Student: 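Mind looking over this structure? Questions follow.
Predicted model only: the values in this text are computed from it and were never measured.
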Amino acid sequence: MLFVAMNASSAKVIAPLRAYYRDANVRRRMIEFLGGDSLDTATCRFIAGGDTTMSQGHLQVRQTRELLSCLDEGLETCRSLWDRESLVADLDVEYVNFDQPTEAWLEPARAFELQAPVERVARELLRGFGIVPLHFQSGRGHHFTWRIRQESEACRQLAALARGPASLWQVNAQPHPPTGESVSPRLGAAFAGLGLVMEFLAHRIKETAAPLCEIPVELTAVETGPRWHDREMISIDVSEYGDPLHARTLRVPFSAYLKPWQQAAPPCEALAKSPPMLVIPLHGFDAREGIRIMRDPQKVAELARGASTAIPDQGAGMEKLIAAYLESDVAAFHAYFYAEDHEPGERWPQTYDRTPLETLPACVRVALTQPNDLLLRPAGMRLVTRALLAGGWHPRHIAGLIRSKFERDYGWGIQWDQYDPATRADFYVRTFAGLFATRRDDLVDFNCVSAKEASFCLAGPCGGNLAELQRAALKRRDS
């Protein structure tokens, strides 16, 4: 019955999309976002398409020239962050509700109003660095996207910042679908450096915007306790920089936005009756007006006549952002983080495998002994990071411990086919430990009550006390 319901829902959504996608202006704007004025000149390395049954991480990779086939099929379409001429930077801000995933789509005015301070702060900070991005709106948030030419001084500076595990460079050098090309060492390094700078930018946005928001603001989608009635939060999502460049994609403006149907299968009655949502550039209007337009394919097609989707070159502004990063406490923490390296795999039985789990609260032990999927969730990695920081661990070795779990057989399936375990572990531990080290996270929610409220008390009554670890971590940091 589920298969039939999903097919019926899919057909109801896909049919009007096929008609909408026939509009010549819509197609022209989508090709423009791919980096050219025709599919023959587009600079993105590949596209990916999916229907109502495929989440963004499992879209079908296709060659760029197949865009029109995707549109004829009525698919949601993404482009690769990987580009032939530029390094593409993207900042994603979105509302997340862990209890009611459809909340942003059923009550969009509220979802966008809650994240308005973060959107405003992001725009103002970028403008202060001289960066004017392409700003577009998806079903539950905002994207700010710009590019840096690969031959530019800014791209050279980003490549010089690069740090990461050896496995990342090995993954970059492998052939990748759909054409079997590899990521060049210089571009792979620049993307790694961009991740460090974007993490700094996310720190700045959180620091300024969080006090202005009614619900928690976090870096990535971390499960939080309820503020009013649900576990809801605003995510400054820079998680794309926790994976290799070839593995990440970005929705194309004027494409369908099918996440509501992908995450709610079968969809609730209200979604089943809803028209398809479309990703749109905010072209002379605000998010509230965007909510109305993005649900009307005819209005979106009219918008496509004059709303450019060309990704702007912001190399000069990027140099200013890099300069600010280099002078920041975030950069100083990154230097400390990468001063150590993971233990090599052959030494794990003598090192990470001997971690004294009996000294840790049960929730931390469970995350480390049953890592699938607890350590895939940002909240699980944050829990482990905080607990081990309290015990005096260097954050790079916390990442090494998590990596050692990712690279063992815990039934991961295809999880790591296109991602790199070491890079993923480094990114999340670096993010959470960096917030703590730079005093942007004082661990106010690192206690048993908050863990229960976030539905992350995994073991029930255990005799452990996260608040004791909280005090130990703060004492270490502040001494």
Side-chain angles (χ1 to χ4, degrees), residues 2-22 26-27 29-31 33-34 39 42 44-82 88 90 92 94 96 101-102 104-105 136-141 143 145 176-179 221 237 239-240 243-268 271-272 274-280 294-295 297 300 309 413-415 417-419:
L2 176 59
F3 182 78
V4 172
M6 289 174 67
N7 275 346
S9 172
S10 179
K12 186 172 182 178
V13 173
I14 296 299
L17 287 176
R18 286 175 172 155
Y20 158 79
Y21 279 144
R22 294 190 192 104
V26 168
R27 294 188 170 203
R29 294 305 181 192
M30 295 179 75
I31 292 171
F33 189 72
L34 303 186
L39 291 176
C44 79
R45 290 282 182 170
F46 62 85
I47 60 171
D51 60 19
T52 58
T53 67
M54 301 177 187
S55 65
Q56 192 174 11
H58 298 88
L59 301 181
Q60 181 182 6
V61 172
R62 301 188 181 189
Q63 295 194 42
T64 304
R65 65 172 180 265
E66 298 181 65
L67 173 68
L68 300 187
S69 296
C70 287
L71 303 186
D72 289 340
E73 295 172 42
L75 302 182
E76 174 182 87
T77 306
C78 300
R79 64 152 288 164
S80 61
L81 280 181
W82 187 12
V88 178
D90 177 61
D92 181 8
E94 61 182 5
V96 181
T102 60
W105 311 310
F136 58 98
Q137 181 172 330
S138 69
R140 63 182 191 183
H143 284 270
T145 305
H176 301 296
T179 61
D237 190 0
S239 61
E240 60 209 276
D243 292 313
L245 175 59
H246 79 276
R248 300 306 298 236
T249 60
L250 177 62
R251 281 189 182 82
V252 176
F254 294 102
S255 166
Y257 179 82
L258 298 181
K259 184 176 282 189
W261 292 268
Q262 293 162 355
Q263 290 194 344
C268 65
L271 272 181
S274 298
M277 276 182 267
L278 302 158
V279 180
I280 59 169
M294 70 189 301
R295 287 163 168 74
V300 175
T309 57
I414 64 171
Q415 169 65 36
D417 283 3
Q418 61 177 333
Y419 302 123

Student: Side chains of R248 and S239: closer than 4.5 Å at any heavy-atom pair?
Tutor: yes

Student: For the residue pair H176 and W82, does the interplanar ring angle fall in the parallel (under 30°), tilted (30 to 60°) or perpendicular (over 60°) class?
Tutor: perpendicular

Student: If we only count heavy atoms from C-beta on, is the R79 to V88 side-chain gap below 4.5 Å?
Tutor: yes

Student: Using a 4.5 Å cut-off on heavy atoms from C-beta on, say whether the side chain of V252 contacts that of L67.
Tutor: no

Student: Got a second to check how far Q63's CD is from L39's CG, nearest 0.5 Å?
Tutor: 11.5 Å

Student: Tell me, with the steps shown, if T77 and F254 meet side chain to side chain contact (heavy atoms under 4.5 Å, CB included).
Tutor: CA-CA 9 Å; T77 306; F254 294 102; over 6 Å; no

Student: Going through the distances and angles, do L71 and V26 end up as a side chain to side chain contact (heavy atoms under 4.5 Å, CB included)?
Tutor: CA-CA 10 Å; L71 303 186; V26 168; 5.9 Å; no

Student: For the CE atom of M294 and the OG atom of S138, what is their distance to the nearest 0.5 Å?
Tutor: 6.5 Å

Student: Does S255 reach the side chain of M30, with side-chain heavy atoms less than 4.5 Å apart?
Tutor: yes

Student: With sequence neighbours excluded, tell me which residues meet side chain to side chain donor-acceptor pair (under 3.5 Å) with R18.
Tutor: none

Student: Measure the spacing between CG of L17 and CD of E73 and express it to the nearest 0.5 Å.
Tutor: 12.5 Å

Student: Is the backbone of L258 close enough, under 3.5 Å, to the side chain of E76 for a donor and an acceptor to pair up by distance?
Tutor: yes

Student: Looking only at heavy atoms, which two atoms of Y257 and G139 are closest? And how far apart?
Tutor: CE2-CA, 3.3 Å

Student: Where do F46 and P177 come nearest, in terms of heavy atoms and distance?
Tutor: CD2-O, 4.1 Å

Student: Does the side chain of R140 reach to within under 4.5 Å of the side chain of K259, using non-hydrogen atoms?
Tutor: yes

Student: Taking side chain as C-beta onward, heavy atoms only, is F136 less than 4.5 Å from T309?
Tutor: no

Student: What distance do L250 atom CG and T145 atom OG1 have between them, rounded to the nearest 0.5 Å?
Tutor: 5.0 Å

Student: Checking Y21 now: which residues fulfil ring pair (Phe, Tyr, Trp, His ring centres under 6.0 Å) with it, not counting sequence neighbours?
Tutor: none

Student: Can you tell me how far the NE2 atom of H143 sits from the CG atom of D92, to the nearest 0.5 Å?
Tutor: 4.0 Å

Student: Could you tell me whether the side chain of L245 reaches within less than 4.5 Å of the side chain of R45, counting heavy atoms only?
Tutor: no

Student: I need the minimum non-hydrogen distance between T64 and C44, along with the two atoms involved.
Tutor: OG1-O, 3.2 Å

Student: Give me the atom names and distance for the closest heavy-atom approach of A221 to V96.
Tutor: CB-CG2, 4.4 Å

Student: Going from OH on Y419 to CG on D417, what distance comes out if it is rounded to the nearest 0.5 angstrom?
Tutor: 10.0 Å

Student: If I compare all heavy atoms of V61 with all of P178, which pair ends up nearest, and what's the gap?
Tutor: CG1-CD, 3.5 Å

Student: Tell me, with the steps shown, if R251 and E94 meet salt bridge (charged side-chain N to carboxylate O under 4.0 Å, His left out).
Tutor: CA-CA 14 Å; R251 281 189 182 82; E94 61 182 5; over 6 Å; no

Student: In the structure I gave you, are the side-chain heavy atoms of S69 and R62 within less than 4.5 Å of one another anywhere?
Tutor: yes

